[in-house]
Protein chains: 2
Amino acid sequence: MLYKKSKQRDRILELLKTTGSHPSADWLYEKLKAEFPRLSMGTIYRNLSILEKQGLVKKIDFGSTYDRFEANITPHYHFICEVCGAIKDLELPVEYQLEKKVEEETHMTVHKHRIEFFGICNACMAKKGS
Amino acid sequence: MLYKKSKQRDRILELLKTTGSHPSADWLYEKLKAEFPRLSMGTIYRNLSILEKQGLVKKIDFGSTYDRFEANITPHYHFICEVCGAIKDLELPVEYQLEKKVEEETHMTVHKHRIEFFGICNACMAKKGS
DNA sequence: TTTATATTAGTAATTGTTCCGAATATTGTT
DNA sequence: AACAATATTCGGAACAATTACTAATATAAA
């Protein structure tokens, strides 16, 4: 099945590329419904899923009851604030040798790995102090 | 609020301790309903939540649409089979220096981290080959 | 054995996501 | 430009996992 272009999908991807906030489907819906008054959540989810299949978007399915999404598809790790739920991309180099170690230990095939760091972000730390 | 003992809760913890399968709430329910014919899912979820508060159980909330649970509370990483969904505990040493590196990079406070490795388990690899 | 309250079963409600069908938009062809 | 083929949309219904509620029951302590 081929893909036809869609204004909604283009804007979803554009929004994801220009925000660092790793938004939820609902956030995208709220942002775009002014632009597309008859927008529906089905459209958001379907397009996120298509963009993911195309390798342009990644789903972040941890640290929350709902999924979040990002268009930064270069390998990187995440920091999650335990207070406000913010997700930050980290610059920490990706440690591929860990995958080798797991393969040596288990003799299983490892395709990828993920690291999430949990703590308190600077903004929440500042609020806490006050 | 203090905790009174509950046969249901005791058995949930015991089951979790003696299985390596990182089961779902539903799996626990199916296993225990012979023993407690009037068991309800609410009881499973409530007790898992209490056991988690007590630090006896950890929720595994990634890689699936439903939560899974474990009673192995010593720090360790996970391997998730992309084919059958099995979760395996890894022996890989926990790399606490990564948390320091993140703190140096971001000047945020890191409390913990998690690593998940994704790949194909031995059982699924064998099936695939045949 | 009385009292206080944590726990349970059963069910209803909630949440996030997926699925569906009829209408619309996009693309390629004549 | 008109047409056919089909991907996409909207809107709402359906769904699955979890949480919330209430009356009845179990536990612990006095």
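Lettering of chains follows the sequences in order, A, B, ..., and the numbering in each one begins at 1. The structure presented is a predicted model; accordingly, all values stated were derived computationally and were not measured.
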**OP:** Measure the angle between the two terminal helix axes of the helix from C:dT1-D:dA30 to C:dT30-D:dA1, five base pairs each, and quote it to 10°.
**Re:** 30°
**OP:** Would you classify B:Ser49 as touching base, sugar-phosphate or nothing, given that sugar-phosphate means primed atoms plus P, OP1 and OP2, and contacts are heavy atoms under 4.0 Å?
**Re:** nothing
Show me the donor-acceptor pairs within less than 3.5 Å that the side chains of residues 50-64 of chain A make with the rest of the protein, sequence neighbours left out.
{"from": "A:Asp61", "atom 1": "OD1", "to": "A:Arg114", "atom 2": "NH1", "distance (Å)": "3.1"}
{"from": "A:Ser64", "atom 1": "OG", "to": "A:Tyr66", "atom 2": "N", "distance (Å)": "3.2"}
{"from": "A:Ser64", "atom 1": "OG", "to": "A:Tyr66", "atom 2": "O", "distance (Å)": "3.4"}

Subject >> A:Lys5 or A:Phe69, whichever maps to the more 5' nucleotide of DNA chain C >> reply: A:Phe69
Original post:
Would a line drawn from the ring center of B:Phe79 to the ring center of A:His113 be shorter than 6.0 Å?
Top reply: no
Below 3.5 Å, can you tabulate the donor-acceptor pairs from side chains in residues 36-46 of chain B to any protein atom, sequence neighbours excluded?
{"from": "B:Thr43", "atom 1": "OG1", "to": "B:Arg46", "atom 2": "NH2", "distance (Å)": "3.2"}

Subject >> Counterpart residues, side-chain contact (heavy atoms from CB on, under 4.5 Å), relative to A:Val83 (two or more places apart) >> reply: A:Cys81, A:Ile120, A:Cys124
Original post:
side-chain hydrogen bond (donor to acceptor under 3.5 Å, both in side chains) with B:Ser21: which residues, sequence neighbours excluded?
Top reply: B:Thr19
Original post:
Near DNA chain D, under 4.0 Å by heavy atom, which residues of residues 20-48 of chain A?
Top reply: A:Arg38, A:Leu39, A:Ser40, A:Thr43, A:Arg46, A:Asn47
Original post:
Which two nucleotides bound the region of DNA chain D that has atoms under 4.0 Å from heavy atoms of chain A, read 5' to 3'?
Top reply: D:dA5 to D:dG11
Original post:
Centres of the B:His111 and A:Phe118 rings: under 6.0 Å?
Top reply: no
Subject >> Nearest-nucleotide 5' precedence on DNA chain D, B:Asp67 against B:Leu2 >> reply: B:Asp67
**OP:** Apply side chain to side chain contact (heavy atoms under 4.5 Å, CB included) to B:Arg11 and B:Glu35, showing your working.
**Re:** CA-CA 10 Å; B:Arg11 291 291 292 130; B:Glu35 202 166 325; 2.4 Å; yes
Original post:
Can you list the residues that meet the side-chain contact (heavy atoms from CB on, under 4.5 Å) rule with A:His107, with sequence neighbours excluded?
Top reply: none
Original post:
Quick one: salt bridge (Lys or Arg N to Asp or Glu O under 4.0 Å) pairs with a partner in residues 75-100 of chain B, sequence neighbours left out?
Top reply: A:Lys101-B:Glu95
Original post:
Got a sec, which hydrophobics cluster with B:Met1, joining ILVMFWY side chains under 4.5 Å apart, including via others?
Top reply: none
Original post:
Does anyone know the first and last nucleotide of DNA chain C in reach of chain B, 5' to 3', at under 4.0 angstrom to a heavy atom?
Top reply: C:dA4 to C:dG10
**OP:** Could you pick out which residue, B:Arg9 or A:Arg68, lies toward the 5' side of DNA chain C when each is mapped onto its nearest nucleotide?
**Re:** B:Arg9
**OP:** Not counting sequence neighbours, list each pair that qualifies as a side-chain hydrogen bond (donor to acceptor under 3.5 Å, both in side chains) and has a residue in residues 1-10 of chain B.
**Re:** B:Arg9-B:Asn47
**OP:** State whether the side chain of A:Arg68 and the backbone N or O of A:His22 hold a donor-acceptor pair below 3.5 Å, judged by distance alone.
**Re:** yes
Original post:
Does the B:His76 side chain pair with the main chain of B:Thr74, one donor and one acceptor, at a distance under 3.5 Å?
Top reply: yes
